[in-house]
Amino acid sequence: MELCTSFCDVDHINVFLILLSLAFMEKEHCKYCNFKSSAVSHLSENELNILESGCAQVNFKKGEIIFKQDALSSNIIYLKTGLAKLHMASKKRDQIIKIIKAPDFLRISTTFADRVNHYSSTAVEDSIACFIDINSFKEFILKNGEFAYEIIYSLSRGELDNFRRCVNRNQKQTVGRVADALIYFSEQISYNEEFDFPLSRNDLADLICTSRESVSRVLSEFDKDQIIELDNKKIKIKNKHLLEQIGNNG
DNA sequence: GCATTAACCACAG
DNA sequence: CTGTGGTTAATGC
C-alpha cells in the first residue's frame with residue numbers, strides 16, 4: 001500500500017515535470033531562436049513558420065550518438081548548442097573527420113548526396129540538435145536565393161577547411177599535427193589559452209591520424225619542454241609562439 | 001650502417 | 001582511459 005502511494009507520488013511529479021517541459025518547449029519558436037544560422041536569418045516570417053513545423057529539437061548527453069553511419073538519413077541537422085564529432089568507421093579503426101562546434105550545421109552533405117549516412121556523429125559534450133525536414137530545406141534553397149547563398153558559403157568554407165586539413169595531415173609529422181590540434185582547440189573551440197581538452201587521447205589520435213600512445217608521448221614532451229602545462233584534461237598553452245612554429249614546421 | 005620516427009604490443013596504474 | 005617501455009619497420013643521411 002505504502003509502496004503504491006509513493007509510486008503514485010513519483011508519478012505525479014514526473015507528469016508535472018513533463019507538462020512543465022512541454023510548456024517551455026512550446027515556446028521554442030525558430031523565429032525567436034538565438035542560435036539561428038546565417039542562412040535561416042534570411043528566411044521570411046512565413047518560411048520560418050514552415051521551418052518550425054518541420055523541425056524537432058533533441059537533447060543529447062555527452063557520448064550519445066546523434067546519428068549513425070549507414071542509417072537512413074532524412075533530416076538536415078543543425079547543432080544548436082554543444083560540441084559533436086563526425087566520425088567514419090573503417091576496417092581498422094574509427095577516424096574522426098571533423099569536430100563541429102555549435103551553432104553550425106551538423107549534417108547537410110550526407111543527407112543531400114545520399115540516402116544513408118556516410119559517417120556517424122556523437123556528442124562530445126551535452127548538446128542540442130535541431131532535426132529539420134529535408135523537404136522544407138530544399139524548398140528554401142529553391143525559393144530563397146539568400147538562404148541558398150549562405151548554405152553554399154558555409155559548405156565552401158567547410159571544403160576549404162577539409163582541403164587544408166587533408167594536406168596538413170599528409171605532410172606533417174605527429175608533433176606538428178598535435179601542435180596544430182592544440183592551437184585549433186584553443187582558438188576555435190574554447191577561445192582560451194587555458195582550457196579543458198574535450199576529447200580523450202584516443203579521440204585526439206583518431207582526429208589527427210596517429211596512435212593514442214604517440215599523442216600521450218608528444219603531450220608529455222610538450223609539458224616537459226614548458227610549451228604547455230598538462231594536467232590530465234586541463235591544458236594551458238605557455239609558449240604559443242613555439243607551438244605555432246612546431247605546427248608550421250611539421 | 002646508423003639515427004629518427006612512429007606504430008604495435010604489453011602491462012600497470 | 002592513460003602513460004611508459006620494449007620491439008620493429010620504414011625512411012633518410
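A quick note: this is a predicted structure, and the numbers were derived from the prediction, not measured. All heavy atoms count here, side chains included; hydrogens, waters and symmetry mates do not.
With A/D203 as the partner, the side-chain contact (heavy atoms from CB on, under 4.5 Å) test is satisfied by one option alone out of A/R212, A/H87, A/K85: A/K85.
Between A/F137 and A/F147, the ring center distance clears the sub-6.0 Å criterion.
Atom CD in A/Q171 sits roughly 17 Å away from atom P in C/dT11 (whole-Å rounding). Taking atom CG of A/D203 as the reference point, atom P of C/dT2 lies 8 Å away to the nearest angstrom. In this structure, A/L199 atom CG and C/dT2 atom P are separated by 10 Å, rounded to whole Å. In this structure, CD1 of A/I235 is placed 13 Å from C1' of C/dT2, rounded to the nearest angstrom. In this structure, the CG atom of A/N170 is 14 Å from the P atom of B/dA6, given to the nearest Å. To the nearest angstrom, C1' of B/dA7 lies 14 Å from CG of A/N202. As a whole-Å value, the separation of A/E221 CD from B/dA6 P is 10 Å. Distance A/K62 NZ to C/dC1 C1': 12 Å, rounded to the nearest Å.
Considering only the side chain of A/E213, B/dC9 comes nearest among C/dG3, B/dC9, B/dA6. Considering only side-chain atoms of A/R93, the nucleotide from B/dC11, B/dC8, B/dA6 that sits closest is B/dC8. Of the listed nucleotides (B/dC8, B/dA6, C/dT2), B/dC8 has the atom at the smallest distance from the side chain of A/R217.
The side chain of A/S220 places no N or O atom within less than 4.0 Å of a non-bridging phosphate oxygen (OP1 or OP2) of C/dG3. Close to B/dA7, at under 4.0 Å from its OP1 or OP2, lies a side-chain N or O of A/T210. Put simply, A/T174 has a side-chain N or O that comes within less than 4.0 Å of OP1 or OP2 on B/dA6. Close to B/dC8, at under 4.0 Å from its OP1 or OP2, lies a side-chain N or O of A/K92. At least one side-chain nitrogen or oxygen of A/K233 sits closer than 4.0 Å to the OP1 or OP2 atom of C/dT2.
For A/D161 and A/R164, the salt-bridge test passes: some basic side-chain N is under 4.0 Å from an acidic carboxylate O. Looking at A/D196 and A/K234, a side-chain N of the basic residue comes within less than 4.0 Å of a carboxylate O on the acidic one, giving a salt bridge.
Residues A/V175 and A/R212 both approach DNA chain B. Their nearest nucleotides, taken by heavy-atom distance, put A/V175 toward the 5′ side.
Atom CZ of residue A/R201 and atom CG of residue A/D206 lie 14.0 Å apart, to the nearest 0.5 angstrom.
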